[in-house]
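Working notes, structure below.
Atoms within a ligand are numbered from 1 in the order they appear, just like the ligands themselves. Because only heavy atoms are used, hydrogens play no part in the values below, and waters and symmetry mates are left out as well, while side chains stay in. Note that this is a predicted model, so its numbers are computed, not measured. Nothing fancy with the numbering, it's 1 onward along the sequence.
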Amino acid sequence: MPLAPTLAVIGGGQLARMMAQPAIALGLPLRLLAEADGVSAAQVIPDQLVGDYRDLDTLREVTAGCAVVTFDHEHVPTEHLRALEADGVACRPGPEALVHAQDKGVMREVLGAMGVPCPRNAIVGSPEEVEAFGFPCVLKTTRGGYDGKGVWVVRSAAEVTEPLAVAARTGVRLLAEELVDFRRELSALVARSPSGQAAAYPVVATLQVDGICREVIAPAPNLDPTLAARAQELALQVAGELGVIGILAVELFETTDGRVLVNELAMRPHNTGHWTQDGAVTSQFENHLRAVMDLPLGSPAPRARWSVMVNILGAEHTDGAEVGRLYDGYPHALARDPRLRVHLYGKELRPGRKVGHVNTYGDDLEDCLARARHAAAWFRGDLGNESE
Ligand code: ADP
């Protein structure tokens, strides 16, 4: 007899892979639906099926005998989630919550109605409507965007053509938002269980380059404690009112005039929470598992004064290289910094692709930043063989 009930996980990316570590510790068997043979999580979760998450029969096959299913991504069609729930499989997070992470238009409308501060926004369908909204602005496809894809900053009518064409071609709506004059981007992460227990991690600062998260500092340096508490309260409010189960990441803008505005919601472990693997008492991956299984949550308290996460992105000059190229970086990186924590995803290198991250922690922020940046650059192949 297994130690615990089996949890089904849809999607074989690095988030599912990183759920496997605490699942081992907790003795929680996982069953994976991977999109292809040998993808990131499929390398580490033996009980697996390869198939299409858009196919209901496949979803039924992988969840057979499981009381609960959770997700590596937010793309499973809502009607399939409803069908699984009708079969008696609890989807965590569920379809009613997930739609807010799938559709930015719905998210803006619902958050607005809840009184959650967001950038001024409107759905637009023509150049005239964008012009009426006002330039400069940000245009976003309401569905299907990620890592900055499907997001355009537009300053004139001429620049509106492409976003409108992309939206028309992909059959999604287009959302216009004011171009927020932000000081920096923050993220507030919370875990919430079906029993209603919630845990809020310290609010972090995130550096995004070209729409991709590069670095995270926990906690956000020099953040006004009132604003930090406000960000945590907003995340708890959103999680509670939308009925989110598992991890909710609320990406925020800290404006130059001292407010926080909600940018995005993610209902799964999130890149801005990877620091918790080494920097918090309970990692976001463990709290995600605990939450979806309705177990008591673990402490989100930091283990060190500062934690820094830097992503390892594939570089142009290593395009197509085998993942083993990263392993070649170990002797230097690990010898140089015995406290460095490395997390690789088993992914082939492609320019701009997230293939891993490093975490550092300690009492001195500048030192943590320097160590994490050096290691990430080393793995990326940006540094020569000089052993500075
Ligand atoms: P994605 O779905 O790709 O994560 P986001 O909506 O988070 O898209 O936007 C990606 C990035 O674009 C954000 O991290 C931020 O840097 C910038 N951005 C998005 N919306 C705005 C806005 N209204 N004002 C200013 N910058 C924005």
Can you check whether a protein heavy atom sits less than 4.0 angstrom from atom 25 (C) of ligand 1? yes
Can you figure out which of Arg143, Glu185, Glu251, Gln208 has its heavy atom closest to atom 15 (C) of ligand 1? Glu185
of all protein heavy atoms, closest to atom 27 (C) of ligand 1 is Phe253 CZ, 3.5 Å
Is Arg373 paired with Glu215 through a side-chain N to carboxylate O contact shorter than 4.0 Å? yes
Taking only heavy atoms of Val151, which atoms of ligand 1 are found under 4.0 Å from at least one of them? 8 (O), 9 (O)
We want to know whether His357 and Gln277 form a side-chain donor-acceptor pair, criterion being a heavy-atom distance below 3.5 angstrom. yes
Between Asp278 and His343, is any side-chain donor less than 3.5 angstrom from a side-chain acceptor? yes
Check this for me: does any side-chain nitrogen of one of Arg108 and Glu177 sit under 4.0 Å from a carboxylate oxygen of the other? yes
Which ligand 1 atoms does Glu178 reach within 4.0 Å, using its non-hydrogen atoms? 22 (C), 23 (N), 24 (N)
Closest approach of any protein heavy atom to atom 4 (O) of ligand 1, naming residue and atom: Glu264 OE2, 3.0 Å
Distance from atom 11 (C) of ligand 1 to nearest protein heavy atom, with residue and atom: Gly211 CA, 4.3 Å
Under 4.0 Å between a Lys/Arg side-chain N and an Asp/Glu carboxylate O for Glu96 and Arg82? yes
Check Asp47 with Arg31, please: is the shortest side-chain N to carboxylate O separation under 4.0 Å? yes
Can you sort out which atoms of ligand 1 are near Phe182, meaning under 4.0 Å from one of its heavy atoms? 25 (C), 26 (N)
Could you see which bit of Asn263 sits under 4.0 Å from ligand 1, with heavy atoms only: side chain, backbone, both or neither? side chain
Those atoms of ligand 1 less than 4.0 Å from some heavy atom in Glu177: 20 (N), 22 (C), 23 (N)
Can you tell which of Lys104, Lys140, Met107 gets a heavy atom nearest to atom 8 (O) of ligand 1? Lys104
Taking Arg173 first and then Asp103, would you say they form a salt bridge - that is, a charged N and a carboxylate O separated by under 4.0 Å? yes
Atoms of ligand 1 close to Val180 [distance to a heavy atom under 4.0 angstrom, numbered from 1]: 22 (C), 23 (N), 24 (N), 25 (C)
Within 45° of the ring axis of Phe285 and under 6.0 Å from its six-membered ring centre, is that where the NZ or CZ of Arg17 lies? no
